[in-house]
Amino acid sequence: MSTLRFHAVIESLNRKPIKIKESKRRSEVFGSNVFNEAAMRQYLTKTALKSVMEAIDKGSKIDRLVADHISTGMKEWAISKGATHYTHWFQPLTGATAEKHDAFFETIGDGLAIEKFGGGQLVQQEPDASSFPNGGIRNTFEARGYTAWDPTSPAFIYGTTLCIPTVFVAYTGEALDYKTPLLRALQAVDNAAVSVCKYFDKNVKKVNASLGWEQEYFLIDSTLAASRPDIMLTGRTLLGHSPAKGQQLDDHYFGTIPNRAMAYMRDLENECMLLGIPVKTRHNEVAPNQFELAPIFEEANLAVDHNSLLMDVMQKVAARHNFKVLMHEKPFAGVNGSGKHNNWSLSTDTGVNLLSPGKTPMSNLQFLTFFINTIKAVQTHEELLRAAIASASNDHRLGANEAPPAIISVFIGAQLTKVLQELETVTKGKLSPKEKTDLKLNVVGKIPEILLDNTDRNRTSPFAFTGNKFEFRAVGSTANCANPMTVLNTIVAKQLIDFKAEVDQLIDKKEMKKDDAIFNVLREYIKTSKAILFEGNGYSEEWEKEAKKRGLSNNKTTPEALKVKVSKSSVALFEDLGVMNKVESEARYEIEMEEYILHIQIESRVIGDIARNHVVPTAVRYQNILIDNVTGLKSIYGDGFKTYAKEQLSLIEQISQHIEAINSLVTKMTEARKTYNNETDLEQKANGYCKKVKPLFEEIRYHCDKLELTIDDELWPLTKYRELLFTK
Ligand code: ADP
Ligand code: MG
């Protein structure tokens, strides 16, 4: 009997929900482990507080002397909360978060010790950068890396450690992390959007990008997960036959949350409250044991940090509840996968959401300006957006096994489609007073403040307008949101800069009125952005054909998708906007390609091991039982045994065929790996892994899954889908 599997099943069936401590109202504990404005008021001098606030609002530099004051206050606050260590918390290009803990504790001779944390330690640290991916940046420049404090994301205490959000850069200035380019992109979109806002409101001084992510995940009993080498090593199941009951009945979605999962969620939400992560919504997702967690949206940089932190906290809290969180985009074949919708908008320091229709024609013209410019930006740079969400694990969604497809398109809903159609007919050049009044009253003025038909109807669109924000749905559940957010904000910034230039030119050279100029430019954008607008079902063959005709890219695999990151025009775009220089763009391309290769390589080794060391030996054992049975029948019935042993004989043959197929496919896969491991060209290597190694997974799996159906359940060593998915 396969002891581990049955041990795991019994253990998981006996589990009870863990009791959790919950005392205070959530609003009372919210942010109590964050060095936020309230904490700063208590622990910082007036000068120090002012300096931090200015750094947050205006990006101004913090003086070294002031930094000493800040670090002292921060340390006192942290110690009062029970912290003993501090760390510079950053997001290297591995996608995970990184930290190295140092104690506040320092000896001062004579056997005495004090708690110390100086301005220098707050502002800058030097982690051993050599073990983080750098895509050749340091080889080229022989630079060391350092982490530098990002005051726009507040320090927080997790466990007994004060965590200071930082950027991670090489001494030569190149970013070695995800946060640095994001901060630069946010700066770019701020500048560009403020300039455009001035057409409508001179008082606007700052525009913030906002992000509200929705994190989907699976919750699997930890012992069951531990019984599957594929889950432990790759985060997903590489084989396993579909259970008799899957998600067909749709009985999980928005259903009652199971008790153990509920206890986990409450515990997790408590942790989030302490850390100032404003989580608000939780519900069951479509698949069994799949859930979603969403916060109230925040300024994009903070939201990105909060999502990275959350992913870490989710695993830690899960361990207390004997769960493992599967963040993977497709942990189970044939079952709905997980994504991370990125809800995005722009809002002004005067409190206006620029993607929310307003009350007056003027505010609606502003809304339309940002709305149409975003569409145009996506139209122009759809391939870059696709690249921003490319990863080995997200390739399983994106059209491979489910919506959204790998083709980027924008859904805007019927009402706004109509508005765009009307704006498209605006007269070229100067508008007559009648036309202008008509437009303002009957087109722009008629956009309802709440766009009801734009709720969530089209679930297959990768980029949908949902009433007062765009929802980038193609982002993967394991992704660091910084990557897609950097690209989205950069392309919108670029588009707004171009828009401003075009409008100004019409005003200056053609002596048009401002509104006339805006209408004229928007009209042209509507005409040239049509290809990207799509209201239908994105997960269909017709759309693939149609999209091809429209000239939209359909990069189904990561190696194909990433290429555009190092195209001349992309490199120039990021360089022009000051988001990434050429070296940084190239480094990210290299790192992501390498990560892709490693990912497939590990999966390939794991599936090879499981197939050969778990599946085949089990098949042989079962085959021997059948052979014994046939031998026995023969000894009883003599020559007539075949009448009674017909099925057994056929099973024996089938098993042999599957064993043979598995062995030859695994050998073929190993050979393919060897070939491409020797390949020195990165693109060739990634393509080899993509086209020659990965397709064999499906073939090997096919035979293993057939054996799972054939072999005595008692003997099968791998915890089955029904056990993984339906154990509550
Ligand atoms: P759903 O998409 O599940 O129907 P909602 O549309 O209400 O739910 O909101 C989904 C997410 O969108 C939430 O995380 C919310 O914080 C976020 N969101 C709402 N408004 C904005 C905005 N202006 N900018 C960014 N995110 C937003
Ligand atoms: Mg949503």
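As a basis for the values below, the full set of heavy atoms in this structure was taken, side chains included, without hydrogen atoms, waters or symmetry mates. All residue numbers refer to positions in the sequence shown, counting from 1.
A 6.0 Å sphere centred on NZ of K548 holds no more than 12 heavy atoms belonging to other residues, nucleotides or ligands. By the 6.0 Å contact criterion, NZ on K206 is enclosed, its count of non-hydrogen atoms from other residues, nucleotides or ligands being greater than 12. In the displayed structure, K510 atom NZ is contacted under 6.0 Å by at most 12 heavy atoms of other residues, nucleotides or ligands.
Between the Q91 side chain and the K179 main chain, no donor and acceptor come within less than 3.5 Å of each other. Using modelled atom types, one side-chain atom of N394 and one backbone atom of A474 make a donor-acceptor pair closer than 3.5 Å. Of the possible polar contacts, none joining the N554 side chain to the L552 backbone as a donor-acceptor pair under 3.5 Å is found. At least one donor-acceptor pair under 3.5 Å links the side chain of E535 to the backbone N or O of I412. Within the 3.5 Å criterion, the main-chain N or O of A333 finds no donor-acceptor partner in the side chain of R236. The backbone N or O of V693 lies less than 3.5 Å from no partner atom in the side chain of R673, so there is not a single donor-acceptor pair. At distances below 3.5 Å, at least one donor-acceptor pair connects side-chain atoms of T369 with backbone N or O atoms of L365. Side chain of S604 to main chain of I600: no donor-acceptor pair is present (N/O by atom type, distance under 3.5 Å, no hydrogens or angles). At distances below 3.5 Å, at least one donor-acceptor pair connects side-chain atoms of E584 with backbone N or O atoms of N581. With hydrogens and angles disregarded, no donor-acceptor distance shorter than 3.5 Å links the side chain of R588 to the backbone of Y178.
Of all the heavy atoms in P695 and K691, the pair that sits closest is CG-O, 3.1 Å. For H328 against T234, the heavy-atom pair with the smallest separation is CD2-O, 3.8 Å. Among all heavy-atom pairs drawn from N555 and A406, the shortest one is O-CB, 3.5 Å.
Of the charged side-chain nitrogens involved, at least one lies within less than 4.0 Å of a carboxylate oxygen, so that E424 and K530 count as a salt-bridged pair. Using a 4.0 Å cut-off between charged side-chain N and carboxylate O, E544 and K556 make a salt bridge. A salt bridge between K494 and D576 is absent, with no side-chain N of the basic residue lying under 4.0 Å from a carboxylate O of the acidic one. The existence of a salt bridge linking E603 and K694 is excluded, since no basic side-chain nitrogen approaches an acidic carboxylate oxygen closer than 4.0 Å. By the 4.0 Å N-to-carboxylate-O rule, E586 lies close enough to K582 to be salt-bridged with it.
Residues W344 and L346 meet the side-chain proximity criterion, which asks for heavy atoms closer than 4.5 Å. I372 has its side chain out of reach of V521: every pair of non-hydrogen atoms, C-beta onward, lies at least 4.5 Å apart. Side-chain atoms of F297 and N343, non-hydrogen and from C-beta on, never get closer than 4.5 Å to each other.
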Derivation of the side chain to side chain contact (heavy atoms under 4.5 Å, CB included) call for Y199 and K500:
CA-CA 9 Å; Y199 287 137; K500 172 99 180 22; 3.5 Å; yes

Apply the test side chain to side chain contact (heavy atoms under 4.5 Å, CB included) to residues L506 and E502: give CA-CA distance (whole Å), side-chain angles for both, the deciding distance (0.1 Å), then the verdict.
CA-CA 6 Å; L506 291 183; E502 287 178 59; 5.9 Å; no

Pair E542, N537 - check side-chain hydrogen bond (donor to acceptor under 3.5 Å, both in side chains), show working.
CA-CA 9 Å; E542 297 84 77; N537 175 11; over 6 Å; no

Check step by step if side-chain hydrogen bond (donor to acceptor under 3.5 Å, both in side chains) holds for S553 and E382.
CA-CA 8 Å; S553 73; E382 46 94 4; 2.7 Å; yes

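Aromatic ring orientation, Y146 versus Y171: tilted (interplanar angle from 30° to 60°). A parallel orientation is assigned to the rings of F470 and F371, their planes being inclined by less than 30° (bins at 30° and 60°).
Counted by atom type alone, H88 and T166 present zero donor-acceptor pairs between their side chains at under 3.5 Å.
Of the residues listed (L93, T558, N483), the one engaging E592 in a side chain to side chain contact (heavy atoms under 4.5 Å, CB included) is N483, and it is the only one.
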